[in-house]
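Comments concern the structure below.
Sequence lines set the chain letters: A, B, ... in the order given, protein chains first and strands last, and positions in each chain run from 1.
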Amino acid sequence: MTTLFGPDQTTANGVSGAPVIVQESGRERGSGYSRSSLLDGLNPQQLEAVEYRGQALLIIAGAGSGKTSVLTRRVASLLESREAWPSQILAITFTNKAAAEMRERVVALVGDHARGMWISTFHSACVRILRAEAERAGLSSTFSIYDSSDTRVTLKRIIKGLDADTLGFTPANVSAKISKLKNELADVDSYARNANMSDPQEVMFVEIFRQYTQRLRAASALDFDDLIGETVYLFRAFPRVAALYRRRFRHVLVDEYQDTNHAQYALVRELTRPVDAELADELEAQGLHVRNVQDSTGAIPGASLTVVGDSDQSIYAFRGADIRNISEFERDFPGAKVVLLEQNYRSTQNILSAANAVIGNNFDRKEKKLWTAGGDGEKIVGFTGYSGHDEAQFVADEIEALHQAGTDYRDIAVFYRTNAQTRALEEILVRAAVPYRVVGGTKFYERAEIKDAMAYLIAVANPDDELALRRILNTPKRGIGPATETQLGSFAADNGISYRQAMRDAAALGLGPKVTNAILQLARLLDEAALMLDPASPAGAASVSDVLTFLLEGSTLLSVLRSSRDPQDEARAENIEELVAQTKDFTRENPDAGLVDFLTQVSLVAAADDLDDASGTVSLMTLHTAKGLEYNAVFLTGVEEGLLPHQMSAHEPGGPAEERRLFYVGITRAKKRLYLSLAMTRAQFGDINVAMPSRYLQEIPADLIDWRQSPGMANSRGGTQSRALNARRDGYGKREQQGLPPAPKPKTEWANRVTAQVRDNGDLTLEPGDRIRHVDFGDGRVNQVTGEGTKRIAHVLFDSAGAKKLLIKIAPIEKL
DNA sequence: CGTCGGGTGCTTTTT
DNA sequence: GCACCCGACG
């Protein structure tokens with residue numbers, strides 16, 4: 001990704017020779033500044049947010065208030081007016097995708113010379129700093145980055161070794177606690193100092209934490225939280241290193257500030273501190289030009305800080321995000337300017353009214369009301385299904401209706417609270433032949449075969465990484481079992497050598513010749529691959545894809561999958577080939593980047609990053625992933641008690657309020673049409689539970705929602721449901737409350753009932769004119785058949801259920 | 001050492 | 001309704 005390691009991006013030290021010309025805030029703009037194009041179409045508040053110059057600026061940006069536009073224009077205006085060089089700008093976004101988009105937009109405004117900016121996520125920026133300063137931080141510059149599953153595996157081994165599971169420790173709860181501590185910038189020692197060591201539970205936790213820290217260090221690995229924390233430690237321990245970056249970045253901008261945690265806050269503070277005169281002179285003496293940024297006392301003033309956020313969209317408290325970072329910004333940065341953006345350019349007034357009504361139920365918030373000049377628009381559509389499948393069928397039908405009416409699939413999104421909800425949705429969407437994509441979820445890089453292939457690369461890049469080595473030791477199967485794996489580990493520990501070295505010395509273990517050979521062969525393979533990257537060797541300077549291909553061939557990982565008789569292995573082989581293709585793309589896009597750069601990029605991709613705008617498909621994603629995105633039509637599914645708000649949030653302080661913000665985020669993603677749907681029963685853990693409408697639904701004024709099938713209407717359909725479902729709530733079931741008979745049942749009420757059974761019609765062939773019978777939709781006539789092979793789709797006009805598209809292979813149909 | 005089968009426990013959201 | 005863990009067997 002060009003965002004991270006563009007060839008023209010140099011490290012903080014690398015640009016030291018460039019002349020630095022900075023105009024202090026408040027001065028006249030340069031003459032080349034074309035004010036009009038940059039400021040076109042901005043409202044007065046936006047204008048102020050773009051043009052304000054001062055130490056600290058807080059932009060409170062309501063959903064859809066043109067925040068990205070303001071941020072990019074602010075950066076562009078700094079560049080255009082020559083107040084800053086591109087290299088003096090650091091902009092932090094939440095995802096790589098947002099970073100790429102921002103870079104693109106700034107380049108579009110001011111041209112190519114803007115490329116030297118750092119626009120990246122907190123994590124990417126920290127990795128860059130840490131790799132550049134690795135030596136001083138006592139790290140290997142090729143350190144591995146452990147994701148949550150790596151952390152889990154490591155903790156699992158530690159817990160097992162300590163028999164700590166008997167005390168109730170699980171990888172999940174320990175990693176959550178460690179993460180929380182690291183977000184507060186605590187480490188083992190600082191934690192242990194304040195721990196109650198008479199509590200055996202505490203003692204054990206400290207021991208687990210200590211071993212975890214040691215293992216990561218031994219493996220030259222950092223987890224996600226370390227990336228931020230270690231950078232803060234680095235700056236605090238080495239003021240001279242910090243000074244380099246403080247001198248370099250004169251303008252720091254942080255997006256989604258409401259979701260920053262304490263460590264990220266501390267990092268921002270470190271970056272925006274002044275450099276005292278003495279240190280500044282020292283930098284000058286080293287040949288770094290500081291004269292132009294020094295003030296009259298010789299010090300370098302702190303960088304200007306711009307943060308953008310909306311506390312109503314703070315949805316990451318569970319991950320340590322601290323809403324106080326934004327609510328106390330003015331206290332933290334005295335004299336800070338605050339600009340409030342309330343005008344919404346995204347949604348219709350009906351959608352905004354619903355959003356305002358919902359979020360108004362959270363106390364402790366700054367009053368803020370979104371408004372639009374764009375008109376009321378369509379009503380919100382509500383639907384209650386009998387089951388999750390029923391709900392999904394509604395979604396599929398409406399998507400088709402929207403598509404027929406001219407809405408592109410790519411302009412439609414389906415949101416849900418938990419990933420588990422995708423199952424029913426996917427089943428129905430596949431059957432209805434709606435093209436869709438699940439954003440995030442089981443990510444490409446989380447697939448086992450991809451992690452295997454990546455582990456080979458990691459083992460080459462970072463020979464200390466025992467986790468990666470142990471993962472590939474017996475993948476593909478080489479007859480090296482758990483016993484041998486452990487033996488290698490103890491051999492390494494006993495002799496004070498690395499796991500990798502133990503593998504090279506495997507002959508000394510006295511194992512069978514077959515096993516010994518297998519280990520030695522793997523060790524040799526990795527050494528040879530490392531040589532391909534060693535500039536000192538004749539084979540050096542190989543590309544990432546060359547190395548990967550070499551490793552795949554030498555390990556037979558790919559050929560084993562190809563010749564397997566397990567049909568799933570074919571897909572796995574294809575995935576690995578896709579990975580090879582990605583390494584080639586990577587090298588083409590970043591000719592100067594190497595293996596470590598590739599690994600870094602892969603480690604830091606977020607769910608939202610793999611969103612492909614060009615794909616003509618409906619997007620499915622969690623509400624969390626949806627933040628920052630917008631769609632013409634949004635389906636917000638599973639609006640039920642226990643799901644939204646989620647069961648788990650009930651016991652946490654601030655839980656229900658955060659869930660409400662999540663609902664608010666979901667609502668405000670919709671530009672034109674919003675659908676709220678729920679089900680009366682939902683499958684969970686394999687069995688079926690009764691669900692109740694979410695409390696948040698009541699908070700939306702009833703006249704904003706057009707219930708196609710309300711919870712009340714659904715209830716009236718016979719008394720088979722539990723009492724809980726009959727509990728009447730305000731805002732729906734109005735007819736019953738007024739003593740009216742239930743509204744006439746729309747035909748969808750029965751047509752939407754769908755069986756979840758999966759079937760296979762083999763190579764059933766259908767042709768236009770054929771009559772068929774569908775388990776749920778009844779009889780119908782085939783109008784048209786499209787698609788190839790297993791993806792053949794029948795376009796059927798049912799006698800009573802209307803027009804549907806069906807995937808012939810799996811639809812519950814028979815030919816009449 | 002590898003494979004298969006049955007039991008268990010689990011899911012909130014993610015850089 | 002799945003993934004993972006463990007134990008039995010080849």
Side-chain angles (χ1 to χ4, degrees), chain A residues 92-99 120-127 145-149 151-153 156 160 165 170-173 175-176 179 182-183 222-229 256 259-261 263-264 314-321 388 415-424 427 439-443 445-446 448 473-474 476-485 511-512 514-515 518 566 600 602-609 621-627 638 642-652 655 658-659 661-663 665-666 683-688 756 758:
Chain A
I92 309 264
T93 59
F94 202 66
T95 63
N96 293 304
K97 182 171 185 275
S120 68
T121 62
F122 270 109
H123 292 86
S124 309
C126 287
V127 169
I145 299 167
Y146 277 11
D147 65 16
S148 17
S149 79
T151 295
R152 231 188 58 230
V153 170
K156 190 185 268 178
K160 199 166 183 181
D165 50 340
T170 63
N173 64 31
S175 82
S179 173
K182 288 187 176 179
N183 286 334
L222 298 178
D223 65 24
F224 277 135
D225 302 313
D226 288 333
L227 297 177
I228 316 291
E256 308 282 14
D259 285 325
T260 51
N261 61 35
Q264 291 165 333
S314 160
I315 55 174
Y316 285 104
F318 73 93
R319 206 169 79 189
F415 301 158
Y416 37 82
R417 178 63 175 80
T418 68
N419 282 306
Q421 288 168 254
T422 52
R423 197 168 304 142
E427 265 172 39
V439 182
T442 34
K443 281 179 275 174
Y445 295 107
E446 281 168 15
L473 198 58
N474 201 28
K477 305 261 178 282
R478 322 184 152 82
I480 308 174
T484 310
E485 186 185 327
L511 297 159
K514 227 174 130 188
V515 180
D566 182 343
T600 303
V602 170
S603 299
L604 299 178
V605 290
D609 291 339
M621 68 190 83
T622 66
L623 284 165
H624 283 88
T625 306
K627 193 181 65 160
L643 217 44
L644 190 66
H646 195 275
Q647 198 70 52
M648 287 292 166
S649 71
H651 312 290
E652 285 160 30
E658 175 145 323
E659 297 284 308
R661 290 193 291 271
L662 201 47
F663 187 47
V665 165
Q684 217 179 7
F685 295 130
D687 50 21
I688 293 166
V758 177

Could you list the protein-to-nucleotides 1-7 of chain B atom pairs, N/O on both sides, closer than 3.5 Å?
{"from": "B:dC1", "atom 1": "OP2", "to": "A:Gly481", "atom 2": "N", "distance (Å)": "3.2"}
{"from": "B:dC1", "atom 1": "OP2", "to": "A:Thr484", "atom 2": "OG1", "distance (Å)": "2.7"}
{"from": "B:dG2", "atom 1": "OP1", "to": "A:Gly479", "atom 2": "N", "distance (Å)": "3.1"}
{"from": "B:dG2", "atom 1": "OP2", "to": "A:Asn474", "atom 2": "ND2", "distance (Å)": "3.3"}

Quick one: which protein N/O atoms are closer than 3.5 Å to N/O atoms of nucleotides 3-8 of chain C? Pair and distance per line, please.
{"from": "C:dC5", "atom 1": "OP1", "to": "A:Lys156", "atom 2": "NZ", "distance (Å)": "2.1"}

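Considering only the side chain of A:His123, B:dT15 comes nearest among B:dT14, B:dT11, B:dT15. Side chain of A:Glu659, nearest nucleotide from B:dT12, B:dT15, B:dT11: B:dT12. Of the candidates B:dT13, C:dG1, B:dT15, C:dG1 carries the atom nearest the A:Phe685 side chain, counting heavy atoms from C-beta on.
A:Leu644 contributes atom CG, which lies 6.5 Å from atom CZ of A:Phe663 (distance to the nearest 0.5 angstrom). The line from CD1 of A:Ile228 to CZ of A:Phe122 is 6.5 Å long, rounded to the nearest 0.5 Å. Taking CZ from A:Phe224 and OG from A:Ser603, the interatomic distance works out to 6.5 Å, rounded to the nearest 0.5 Å.
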query = Taking it one step at a time, do A:Thr170 and A:Asn173 satisfy side-chain hydrogen bond (donor to acceptor under 3.5 Å, both in side chains)?
reply = CA-CA 5 Å; A:Thr170 63; A:Asn173 64 31; 3.1 Å; yes

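Applying the 4.0 Å criterion to OP1 and OP2 of B:dT14, one finds that A:Asn419 has a side-chain N or O inside that range. For A:Ser649 and B:dT13, the shortest distance from a side-chain N or O to OP1 or OP2 is not below 4.0 Å. Between B:dT15 and A:Thr95, no contact under 4.0 Å exists linking OP1 or OP2 to a side-chain N or O.
For an aromatic pair to be called close, the ring centres must be under 6.0 Å apart, and A:Phe94 with A:Tyr316 satisfies this. The six-membered or imidazole ring of A:His646 lies away from that of A:Phe318, with a centre-to-centre distance of 6.0 Å or more.
Rounded to whole angstrom, the span from the CD atom of A:Gln647 across to the P atom of B:dT13 amounts to 14 Å. Distance, A:His646 NE2 to B:dT12 C1': 5 Å, rounded to whole Å. With rounding to whole Å, A:Leu644 atom CG is found 20 Å from B:dT11 atom P. Atom P of nucleotide B:dT11 and atom OH of A:Tyr416 are separated by 18 Å, given to the nearest angstrom. With rounding to whole Å, A:Leu604 atom CG is found 8 Å from B:dT15 atom C1'. Note: NE2 (A:His624) to P (B:dT11) measures 16 Å, nearest angstrom. Here the P atom of nucleotide B:dT13 and the CG atom of A:Leu662 are 11 Å apart, to the nearest Å. Rounded to whole Å, the distance from CG on A:Leu623 to P on B:dT11 is 20 Å.
Nucleotides B:dT13 and C:dC4 have their P atoms positioned 15 Å apart, rounded to a whole Å.
A distance cut-off of 5.5 Å between ring centres, combined with a plane angle under 30°, leaves A:Tyr316 outside any stacking arrangement with the base of B:dT14.
Checked by atom type, the side-chain pair A:Thr625/A:Thr622 shows a donor-acceptor distance below 3.5 Å.
Annotation for A:Ser179 and A:Asp225: closest pair OG-OD2, 2.9 Å, computed over non-hydrogen atoms. A pairwise comparison of heavy atoms in A:Ser124 and A:Asn96 identifies OG-OD1, 3.5 Å as the closest pair. The nearest pair of heavy atoms linking A:Asp223 to A:Asp226 is OD1-N, 2.8 Å.
Mapped onto DNA chain B by nearest heavy atom, A:Phe122 and A:Arg423 fall at different nucleotides, with A:Arg423 at the one closer to the 5' end.
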